[in-house]
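Note that the structure is a prediction, hence the values are computed from the model and not measured. Each chain gets a letter, A, B and so on, in the order the sequences are listed, and its residues count up from 1.
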Amino acid sequence: MNRRSRRVLFPRVAIEVESETEESSEDEEEDHEEEPLTPPTQPVNNKKKAPITISLKRVCKVCKGTGHEAGFKGATYIDCPKKPCFLCKQPGHTTMNCPHRVATEHGVVPAHRREFRGSLDYLFERQLRANVPMIKPGFVIPDQVDCAIIRLHSRRVTSLEFHPTNNSILLSGDKKGQLGIWDYNKVYEKTVYGSIHSCILNSMKFNPVNDGSLYTASSDGTICYTDLEIGTPNLLMNLNPDGWNGPANWRMLYGMDISSSKSLVLVADNFGFLYLVDMRSNKRIREPVLIHKKGTKVVGLHCNPLQPELLLSCGNDHFARLWDLRRIDAGDSLGNLPHSRVVNSAYFSPLTGTKILTTSQDNRIRVWDSIFGNIESPSREIIHSHDFNRHLTCFRAEWDPKDPSESLAVIGRYISENYDGVALHPIDFIDTSTGRLVAEVIEPNIKTISPVNKLHPRDDVLATGSSRSLFIWRPKEQLEPSEEQGERNYRVSICNKQEKKSKRAKLDDESDEGDDVSGLDLNDKSKQKPGACYKVLHCPPSSKSKSKK
DNA sequence: AGAGGATGTCGCC
DNA sequence: TGGCGACCCTCCTC
């Protein structure tokens with residue numbers, strides 16, 4: 001086709017310009033000013049082509065309407081006013097002035113006091129209530145990055161687990177199926193096993209009788225059992241023995257837990273089925289059981305810490321479900337916990353196992369105070385921004401296993417806040433008994449969202465997976481005081497491309513530690529060195545200057 | 001610096 | 001029930 005005929009066939013182009021002369025100061029319109037806009041001449045032979053309209057009006061990126069704009073203005077995001085609030089999902093206001101955003105109570109919707117008291121309530125009062133401490137201790141918040149490992153993984157982190165006996169070992173799984181092992185007390189001691197799985201490592205659990213080995217479940221449809229010293233995976237179960245036969249047949253494993261008293265590995269797939277594998281014989285026992293709506297993903301499984309027969313599952317059918325492992329059959333759950341959208345996670349409380357904490361895509365964290373009562377509605381709903389699934393690992397609120405009152409939970413936040421001109425996504429510590437936001441933890445160098453968080457079972461330590469990097473947080477008061485106010489050193493190890501690049505530049509003979517670089521931005525790749533100890537500006541949540549307009 | 005791609009859920013037909 | 005487009009405050013690579 002020559003140039004001439006191309007022009008003839010091209011549809012008519014109309015141009016709309018902003019009518020009212022706005023205070024068009026620095027805006028991008030000037031770019032268009034001199035453009036030789038296609039002339040709407042020669043409308044020959046273009047009857048069938050719809051005219052193209054080029055609009056120079058300010059258009060909202062979200063609703064395409066005029067008169068307003070949505071998007072980032074500096075570090076503050078402006079919502080489209082025509083959409084319901086992005087946080088609480090209610091119409092009539094935007095996230096910026098959502099009452100749940102600025103209130104420390106974070107939007108708690110308590111359940112009505114129930115008059116009904118069944119026999120299980122009495123059982124709870126008689127046998128378990130005495131073990132539940134009534135006085136809540138002060139929370140210790142790990143709010144200062146102590147060390148970090150940048151780009152340990154080549155894809156985003158999907159799961160984290162602390163070693164059950166070695167206090168400073170953190171395991172991490174990623175979207176590629178790789179397994180990272182990091183001793184954060186010796187920051188530069190890290191290993192990545194690249195051939196455990198072929199895609200997303202969704203869940204990992206230690207063998208309760210051998211803490212040197214790990215069970216992992218993956219979207220490749222396998223469970224692997226790996227000795228951490230050797231790193232060679234042993235295939236325990238493979239749901240796709242015939243390879244790829246299209247998405248309708250490819251089975252992926254998500255939720256996994258271990259019932260140590262029954263010596264079982266419990267794992268569930270993306271079609272709603274639960275599989276039971278005996279840990280002694282490494283054989284599957286009984287047929288898979290449909291525990292959620294057929295064809296929907298079961299994303300979480302959790303065994304009750306005190307009652308070995310109780311299992312909690314959650315999934316994409318908008319339910320968390322309670323099961324009795326002694327008689328588990330399709331449709332025969334002990335209880336169903338309804339949600340309005342997908343349930344990302346559901347956990348029993350870590351000590352007594354009598355509470356349930358769930359995270360749902362509807363931007364709500366729900367708490368059931370007693371599994372023995374009426375569980376049709378939660379005791380509390382806590383509004384919290386975590387509605388995002390694509391591109392990111394799902395957000396999950398997790399209990400602090402050290403909190404004797406079983407009320408503190410940690411969860412990353414999707415929505416950003418403007419901290420001194422930088423958009424940061426905090427990690428929230430929430431008192432689930434009141435919904436109060438106990439702390440929002442940030443670090444100016446972590447500019448990516450931190451959906452994966454794990455609190456240490458014994459130490460006051462928080463591990464965070466953010467994009468491909470890992471961070472270890474400790475309470476400020478437990479760290480050495482800073483030399484200058486507002487600044488602190490933390491140890492950083494940088495991996496992957498950066499490491500290779502640095503080796504090429506013959507920097508690898510430099511000392512691993514003590515390489516202070518003042519005011520370094522970890523995102524500024526040109527200034528990075530491997531194994532350096534960076535001095536960063538500390539921006540504590542208490543002294544942050546949130547700009548709330 | 002900016003475009004493009006990977007990616008999961010949901011509602012509509 | 002299945003296909004498809006919309007969602008839309010990501011993050012990485014080229």
Side-chain angles (χ1 to χ4, degrees), chain A residues 28 31 59-65 69-89 94-98 101 150-151 153-158 174-177 199-200 202 219 246-250 252 254 270-272 292-299 314-319 339-345 359-363 384-396 412-419 421-426 442 446-452 465-469 495-498 501 522-523 525 546-549:
Chain A
E28 63 281 347
D31 293 345
V59 172
C60 170
K61 275 191 282 185
V62 177
C63 75
K64 313 286 184 280
E69 284 176 288
F72 272 107
K73 283 267 181 278
T76 306
Y77 189 87
I78 313 294
D79 268 6
C80 170
K82 298 204 171 158
K83 295 277 176 179
C85 171
F86 196 69
L87 175 57
C88 74
K89 314 291 182 196
T94 60
T95 314
M96 197 56 71
N97 45 25
C98 173
R101 184 176 196 235
I150 308 297
R151 284 183 231 104
H153 290 275
S154 56
R155 290 289 181 274
R156 65 167 205 251
V157 174
T158 54
D174 72 16
K175 194 168 157 275
K176 223 176 163 185
C199 58
I200 315 176
N202 287 309
S219 290
N249 299 301
W250 186 260
M252 305 190 251
Y254 285 85
N270 57 328
F271 291 107
H292 280 261
K293 188 180 167 189
K294 198 171 185 185
T296 65
K297 199 199 286 180
V298 184
V299 289
C314 63
N316 280 21
D317 63 353
H318 301 192
F319 279 95
H339 295 70
S340 69
R341 281 187 61 194
V342 168
V343 190
N344 291 348
S345 67
T359 309
S360 169
Q361 300 261 18
D362 62 3
N363 267 354
H384 179 266
S385 169
H386 51 257
D387 170 20
F388 209 71
N389 44 56
R390 202 166 48 155
H391 315 298
L392 295 177
T393 308
C394 284
F395 292 89
R396 294 150 184 243
R413 199 193 302 173
Y414 172 48
I415 206 164
S416 65
E417 289 281 2
N418 181 350
Y419 293 87
V422 188
L424 300 174
H425 308 264
I442 50 151
I446 308 177
K447 294 184 180 129
T448 46
I449 295 173
S450 306
V452 193
S466 189
S467 189
R468 304 181 298 178
S469 304
C495 298
N496 293 344
K497 275 191 174 173
Q498 203 58 43
K501 202 170 143 190
L522 289 182
N523 289 317
K525 290 170 191 165
K546 246 194 237 181
S547 57
K548 289 171 189 161
K549 272 201 171 179

Is the backbone of A:Cys394 close enough, under 3.5 Å, to the side chain of A:Asn389 for a donor and an acceptor to pair up by distance?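 Absent.
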Whether the side chain of A:Ser450 engages the backbone of A:Gly465 through a donor-acceptor N/O pair (distance < 3.5 Å, no angle test) should be reported.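 No; judged by distance alone, with no hydrogens or angles, the pair does not exist.
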Does a side chain donor of either [X] or [Y] reach within less than 3.5 Å of an acceptor in the other side chain?
X	Y	value
A:Ser154	A:Arg468	no
A:Ser345	A:Thr359	yes
A:Asp79	A:Thr95	yes

Run through DNA chain C and report every stem of 3 or more consecutive Watson-Crick or G-U pairs, distances under 3.5 Å, ordered by first number. B:2-6 with C:10-14, B:8-13 with C:2-7
Without decimals, in angstroms, what is the distance between [X] [atom1] and [N] [atom2]?
X	N	atom1	atom2	result
A:Asn363	C:dC8	CG	P	12 Å
A:Arg390	C:dC7	CZ	C1'	7 Å
A:Phe395	C:dC9	CZ	C1'	11 Å
A:Asn389	C:dT10	CG	C1'	12 Å
A:Asn249	C:dG2	CG	P	12 Å
A:His425	C:dC9	NE2	P	11 Å

Distance to the ring centre below 6.0 angstrom and angle to the axis at most 45 degrees; does that hold for A:Lys89 and A:Phe86? yes
Say you pick atom C1' in B:dT7 and the same atom in C:dT13; how far apart are they, in whole Å?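 Taking atom C1' in both B:dT7 and C:dT13, they lie 16 Å apart.
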Separation of the P atoms in B:dG5 and C:dG5, to the nearest angstrom: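 Approximately 16 Å lies between the P atom of B:dG5 and that of C:dG5.
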With respect to the side chain of A:Lys83, which nucleotide from C:dC9, C:dC7, C:dT10 is positioned closest?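 Closest nucleotide among those given: C:dC7.
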Of all the choices, C:dC7, C:dT13, C:dC11, which nucleotide is nearest to the side chain of A:Arg468 once you look at every atom?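 Between C:dC7, C:dT13, C:dC11, the one nearest the side chain of A:Arg468 would be C:dT13.
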Heavy-atom contact window of chain A on DNA chain B, given 5' to 3' at under 4.0 Å: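 Nucleotide range with atoms under 4.0 Å of chain A: B:dA6 to B:dC10.
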Checking all strands, does [X] fall into the base, sugar-phosphate, or nothing category for heavy-atom contacts under 4.0 angstrom?
X	answer
A:Ile415	base
A:Thr448	sugar-phosphate
A:Asp79	base

What's the spacing between A:Met252 CE and A:Phe271 CZ if we round to 0.5 Å? 7.0 Å
Pick one: which of A:Lys293, A:His292, A:Lys297 meets side-chain hydrogen bond (donor to acceptor under 3.5 Å, both in side chains) with A:Asp317? A:His292
Using the closest heavy atom to pick a nucleotide of DNA chain C for each, name whichever of A:Tyr414 or A:Arg155 lands nearer the 5' end.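 The residue mapped nearer the 5' terminus is A:Tyr414.
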A:His386 vs A:Phe395 aromatic rings, parallel, tilted or perpendicular, using cut-offs 30° and 60°? tilted
Between A:Arg341 and A:His391, the residue closer to the 5' end of DNA chain B by nearest nucleotide is A:His391
